[in-house]
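Note that this is a predicted model, so its numbers are computed, not measured. Order of listing sets the numbers, starting from 1, for every ligand and every atom in it.
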Amino acid sequence: MAVTRTFSIIKPDATRRNLTGGVTRMLEEAGLCVIASKRIQMSRQQAEGFYAVHKERPFFGDLVAFMTSGPVVVQVLEGEDAVKRNRDIMGATNPADAAEGTIRKTYAESIEANSAHGSDSEENAKIEIDFFFKPEEIVG
Ligand code: IDP
Ligand code: MG
């Protein structure tokens, strides 16, 4: 299996509850290394751009409001099969459906305030990493 990269966000519901370390520890214990990390306040423009794929969904406005409601931690993660590994440890979008031991089962408050984002494909991981990081900010 190849070592690859993915993009992660620790969402505002998690930073608000001081869970940056808790979420990061679960990522690390799943075999992922944090090779870039920064805490930012996402602008409305950034959130709308990042989630543009969902702009026709009924929850889009609420999602943008939520993602800009407090600080987030954006990260680049590296490890074997990183996209799938991250999706597996994150768990299902709705915490009610997430498996035991996953980040969302452990920490999420709701289907919207679900503590973590993870890229859904290698292609999107590259796009999302470039959206938030300059190459020199990533130290693998
Ligand atoms: P994912 O984060 O598991 O990949 P997506 O379908 O890509 O799930 O949705 C992006 C984000 O939009 C979710 O993580 C969640 O915060 C929010 N979201 C998804 N579905 C709903 C919904 O039905 N109601 C409210 N928010 C939702
Ligand atoms: Mg998604």
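Here's the thing with T93: one of its N/O atoms is less than 3.5 angstrom from an N/O atom of ligand 1.
Closest heavy-atom approach to atom 2 (O) of ligand 1 within the set R104, R87, M90, R57: this belongs to R104.
H54 NE2, 3.7 Å is the protein heavy atom nearest to atom 5 (P) of ligand 1. In terms of protein heavy atoms, atom 25 (C) of ligand 1 is closest to F59 CB, 3.6 Å. Protein heavy atom at the shortest distance from atom 15 (C) of ligand 1 is I111 O, 3.2 Å. Of the protein's non-hydrogen atoms, E112 O, 2.8 Å is the one closest to atom 16 (O) of ligand 1.
Heavy-atom contacts of N114 reach the following atoms of ligand 1: 13 (C), 14 (O), 15 (C), 16 (O) (cutoff under 4.0 Å).
Listed for the Q41 side chain is a donor-acceptor partner under 3.5 Å among the backbone atoms of T68. No donor-acceptor pair closer than 3.5 Å links the side chain of R85 to the backbone N or O of L32.
For the pair K38 and F133, the distance from NZ or CZ to the six-membered ring centre is under 6.0 Å and the angle to the ring normal is within 45 degrees.
Ring geometry for H54 against F59 counts as tilted: the plane angle lies between 30° and 60°, on a 0 to 90° scale.
If you look at L63 next to ligand 1, the close heavy atoms, those under 4.0 Å, all belong to the side chain. The residue D120 has no part lying near ligand 1, judged by heavy-atom distances below 4.0 Å.
Taking a 6.0 Å sphere around CD of E123, one finds it holds 12 or fewer heavy atoms contributed by other residues, nucleotides or ligands.
The pair K84-D88 counts as a salt bridge, with a side-chain nitrogen and a carboxylate oxygen less than 4.0 angstrom apart.
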